[in-house]
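Structure first, commentary second.
Quick caveat: nothing in here was measured; it's all calculated off a predicted structure. Labels below follow one simple rule: chain letters A, B, ... track the order of the sequence lines, proteins then strands, and each chain is numbered from 1.
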There are 2 protein chains.
Amino acid sequence: MERNTRQRDAILSVISEAGRPLSTQEVLLAGQAVVPSLSIATVYRTLKDLAAEGWILPVKLPGEADRYEMTRLGDHYHFKCSSCSKVFDIHEKLKKTTLLAPRNFVIEKYDLILYGRCNECVPKHK
Amino acid sequence: MERNTRQRDAILSVISEAGRPLSTQEVLLAGQAVVPSLSIATVYRTLKDLAAEGWILPVKLPGEADRYEMTRLGDHYHFKCSSCSKVFDIHEKLKKTTLLAPRNFVIEKYDLILYGRCNECVPKHK
DNA sequence: ACGCTAATAATAACTTATTATCAATAAGCA
DNA sequence: TGCTTATTGATAATAAGTTATTATTAGCGT
């Protein structure tokens with residue numbers, strides 16, 4: 001990146017302010033609220049650049065396209081709402097002692113994904 | 001399914017005897033050891049049928065095509081070797097008390113994926 | 001404000017996994 | 001064994017996500 005463009009600024013601030021990982025479509029929609037002409041090609045291109053520069057990281061869930069979130073958020077895991085499909089961060093760490101692998105296997109990292117209903121989607125009564 | 005074919009028998013026994021989730025390519029290769037003419041189309045078709053009949057289940061990892069394993073294995077999670085790319089079963093359960101979600105979020109299920117080196121790929125010395 | 005050229009917008013092209021098509025093959029009953 | 005037709009094998013078609021192309025737009029140094 002050699003020039004600061006409105007598109008790039010919009011995309012980074014959209015992700016920074018989301019508070020949860022965003023899909024490319026979510027980035028496109030939120031970004032178009034700032035720069036109406038924003039195109040999906042620019043979203044993909046900019047997400048790739050921002051990731052290469054270390055600002056954002058891809059969040060990978062099984063069977064789904066990458067979402068992105070700020071790198072500075074550090075280690076955590078994710079919760080996906082089975083109703084609204086939004087993904088949320090959970091800033092807890094598992095105690096390593098709770099992770100078990102077969103003898104002689106070396107664990108380098110893990111991904112924990114919870115599925116359920118977020119606060120917006122849990123029926124308030126009943 | 002209305003006929004028992006050598007292809008179908010081969011595919012099911014290959015998965016049953018693998019002891020770990022197999023990709024479609026792994027099923028094809030192992031199946032061709034039994035029925036040399038086995039084609040990838042038959043592998044996909046049969047895997048879908050076997051899953052619909054409840055014999056096998058898809059194992060989904062982020063960014064990767066489905067693998068399959070026997071349904072009878074029950075609840076467990078997976079370990080993927082970052083060296084040989086094989087996926088292994090881990091038959092342990094996390095204590096539910098170790099799973100935390102934000103207030104008002106309801107956890108329905110979870111997926112834990114470990115990444116690292118399997119016993120075959122860990123350097124024996126050093 | 002001007003000019004150079006990086007970045008964008010629109011869309012075509014591509015990728016990888018999976019599914020559909022259809023002539024040839026083979027399961028299993030008479 | 002022969003017949004009927006479900007299943008297979010080979011490959012074309014499809015699908016969804018992502019990347020490439022290119023004329024146009026706009027950042028930014030002068």
**Prompt:** Do B:Thr46 and B:Gln7 have a side chain donor and acceptor closer than 3.5 Å?
**Reply:** no
message = Test of understanding: with salt bridge (Lys or Arg N to Asp or Glu O under 4.0 Å), list the residues that count as partners of B:Arg45, not counting sequence neighbours.
response =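 None.
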Residues passing the salt bridge (Lys or Arg N to Asp or Glu O under 4.0 Å) test with A:Glu26, sequence neighbours excluded, are A:Arg20
Given atom [atom1] of [X] and atom [atom2] of [N], what is their separation to the nearest angstrom?
X: B:Arg8; N: D:dG9; atom1: CZ; atom2: C1'; result: 18 Å
X: B:Arg67; N: C:dA17; atom1: CZ; atom2: P; result: 11 Å
X: B:Ile11; N: D:dT7; atom1: CD1; atom2: C1'; result: 12 Å
X: A:Gln32; N: C:dT8; atom1: CD; atom2: C1'; result: 13 Å
X: A:Leu61; N: D:dG17; atom1: CG; atom2: C1'; result: 15 Å
X: B:Asp49; N: C:dT19; atom1: CG; atom2: P; result: 11 Å
X: A:Tyr68; N: D:dG17; atom1: OH; atom2: C1'; result: 11 Å
X: A:Gln25; N: D:dG17; atom1: CD; atom2: P; result: 8 Å

Please list, for nucleotides 28-30 of chain D, all pairs of protein and nucleotide N/O atoms separated by less than 3.5 Å.
from, atom 1, to, atom 2, distance (Å)
D:dC28, OP1, A:Asn4, N, 2.7

Q. Is any side-chain nitrogen or oxygen of A:Tyr44 closer than 4.0 Å to OP1 or OP2 of D:dT19?
A.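 It does not, given that no N or O in the side chain of A:Tyr44 lies less than 4.0 Å from OP1 or OP2 of D:dT19.
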Short heteroatom pairs, N/O only, protein and nucleotides 9-12 of chain C, under 3.5 Å:
from, atom 1, to, atom 2, distance (Å)
C:dA9, OP1, A:Gln7, NE2, 3.2
C:dA9, OP1, A:Ser37, O, 3.0
C:dA9, OP1, A:Ser37, OG, 2.6
C:dA9, OP1, A:Leu38, N, 3.4
C:dA9, OP2, A:Ser39, N, 3.1
C:dA9, OP2, A:Ser39, OG, 3.4
C:dA9, OP2, A:Thr42, OG1, 2.8
C:dA9, N7, A:Arg45, NH2, 3.4

Sequence-distant partners of B:Val87, side-chain contact (heavy atoms from CB on, under 4.5 Å), two or more places apart: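 Testing B:Val87 for side-chain contact (heavy atoms from CB on, under 4.5 Å), a comparison that skips the adjacent residues, returns B:Pro21, B:Leu61, B:Arg67, B:His78, B:Lys80.
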Can you name the residues that form a side-chain contact (heavy atoms from CB on, under 4.5 Å) with B:Glu17, not counting sequence neighbours?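 B:Glu17 satisfies side-chain contact (heavy atoms from CB on, under 4.5 Å) with B:Ser13 once adjacent residues are dropped.
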Going through the checks in order, is the ring pair (Phe, Tyr, Trp, His ring centres under 6.0 Å) test met by B:Tyr77 and B:Tyr110? CA-CA 9 Å; B:Tyr77 50 96; B:Tyr110 68 85; 7.3 Å; no
- Message: Test your reading of the model: is there a side-chain donor-acceptor pair from A:Ser83 to the backbone of A:Cys121, 3.5 Å cut-off?
- Response: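 No.
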Next item on the list: Take the angle between the ring planes of A:Phe79 and B:Phe105 and call it parallel below 30°, perpendicular above 60°, tilted in between.
Entry: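 Geometry flag for B:Phe105 against A:Phe79: perpendicular rings.
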**NZ/NE/NH1/NH2 to OD/OE distance under 4.0 Å, B:Lys60 and B:Glu69** =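 Looking at B:Glu69 together with B:Lys60, the answer is no, because their closest N to O distance does not fall below 4.0 Å.
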